[in-house]
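Note that this is a predicted model, so its numbers are computed, not measured.
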Amino acid sequence: EDCPLFNAGRGSVFTSEGTIEMDAAIMDGHKGDAGSVAGVTTIKNPVSAARAVMEKSKHVFLIGKGADSFAASQNLEIRDQEYFAVPSRWEQLQQLKAQETTVSDHAFGNDRNVIHKFGTVGAVALDAAGHLAAAT
């Protein structure tokens, strides 16, 4: 989430309104615990907020300003929108607006049999005891 080359955290794509909103989720397969945040705008590392939801709240899913406020209350690092914005993502938005089109991360290419997916960073871990965890 700190590397602007990925579509997560710093380097996230812009909404059509020119803002950045991020989502993250995490699950502990062994315990069956989960946490997630959506529509967050100020949390430097949204997956850390998802983990805090899982470990430090009675909730599973927080969104928007409530999720941002919860993250701040957990002393997670908060940044302004400028931190997340990178020039290449802004240029992508301007090109799409000029073409009067949108692009999904599940958009089809010219060959309808091939799906071109442009998703965010995710991780899955399996330990020696067979415990599975996932985050995105």
Side-chain angles (χ1 to χ4, degrees):
E1 294 174 320
D2 293 334
C3 179
L5 298 177
F6 297 102
N7 178 11
R10 184 177 162 102
S12 291
V13 297
F14 285 88
T15 66
S16 60
E17 290 82 26
T19 61
I20 292 176
E21 297 177 356
M22 300 164 286
D23 309 324
I26 191 165
M27 182 170 195
D28 179 333
H30 177 66
K31 294 179 182 176
D33 293 340
S36 57
V37 294
V40 297
T41 60
T42 63
I43 304 167
K44 181 181 180 214
N45 299 109
V47 77
S48 296
R51 184 174 184 177
V53 170
M54 179 177 74
E55 294 178 343
K56 299 178 180 181
S57 81
K58 62 181 180 179
H59 305 288
V60 175
F61 185 45
L62 296 176
I63 64 169
K65 291 179 182 180
D68 284 325
S69 295
F70 173 78
S73 78
Q74 298 302 306
N75 297 315
L76 297 180
E77 196 166 349
I78 302 300
R79 296 292 180 101
D80 59 23
Q81 284 271 293
E82 288 76 31
Y83 168 79
F84 303 103
V86 295
S88 60
R89 297 291 186 203
W90 182 254
E91 290 169 17
Q92 286 174 343
L93 174 63
Q94 299 313 309
Q95 289 172 0
L96 290 171
K97 283 185 168 188
Q99 296 170 9
E100 296 182 357
T101 188
T102 60
V103 175
S104 166
D105 64 351
H106 300 296
F108 284 91
N110 291 335
D111 181 351
R112 297 291 293 173
N113 295 319
V114 178
I115 299 175
H116 300 275
K117 293 188 178 186
F118 305 99
T120 59
V121 179
V124 177
L126 178 65
D127 70 13
H131 301 146
L132 186 66
T136 185

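The CG atom of N75 sits 12.5 Å away from the OG atom of S48 when rounded to the nearest 0.5 Å. Atom CE of residue M22 and atom OG1 of residue T15 lie 11.5 Å apart, to the nearest 0.5 angstrom. For the atom pair CG (D68) and OG1 (T42), the distance works out to 3.5 Å, reported to the nearest 0.5 Å. Once rounded to the nearest 0.5 Å, the distance linking OH of Y83 with NZ of K44 reads 4.0 Å. D33 contributes atom CG, which lies 11.5 Å from atom CZ of R51 (distance to the nearest 0.5 angstrom).
Note on ring orientation: taking the six-membered ring where Trp is involved, the planes of H131 and H30 are tilted (angle from 30° to 60°).
Under the 4.5 Å side-chain criterion, counting only non-hydrogen atoms from C-beta, L93 is in contact with K97. Proximity of R89 to Q92: side-chain heavy atoms (C-beta onward) are separated by under 4.5 Å at one or more points. In this structure, the side chains of Q81 and T41 come closer than 4.5 Å at one or more pairs of heavy atoms. Here the side chains of V124 and L132 are in contact, with some heavy-atom distance below 4.5 Å.
The same ILVMFWY cluster, assembled from side-chain heavy atoms under 4.5 Å apart, contains both I20 and W90. Under a hydrophobic-cluster definition in which Ile, Leu, Val, Met, Phe, Trp and Tyr are linked whenever side-chain heavy atoms come within less than 4.5 Å, directly or via other members, F70 and I78 are assigned to the same cluster. No continuous path of hydrophobic side-chain contacts links V37 to M27 [ILVMFWY only; heavy atoms under 4.5 Å].
The two residues A71 and A49 make their nearest non-hydrogen contact at CB-CB, 4.2 Å. Taking every heavy atom of both residues into account, A135 and V47 meet most closely at CB-CG2, 3.7 Å.
I26 belongs to a hydrophobic cluster with M54, counting contacts under 4.5 Å between side-chain heavy atoms of Ile, Leu, Val, Met, Phe, Trp and Tyr, direct or through other members.
For I63, the CD1 atom sits in a loose shell: 12 or fewer heavy atoms of surrounding residues, nucleotides or ligands are nearer than 6.0 Å.
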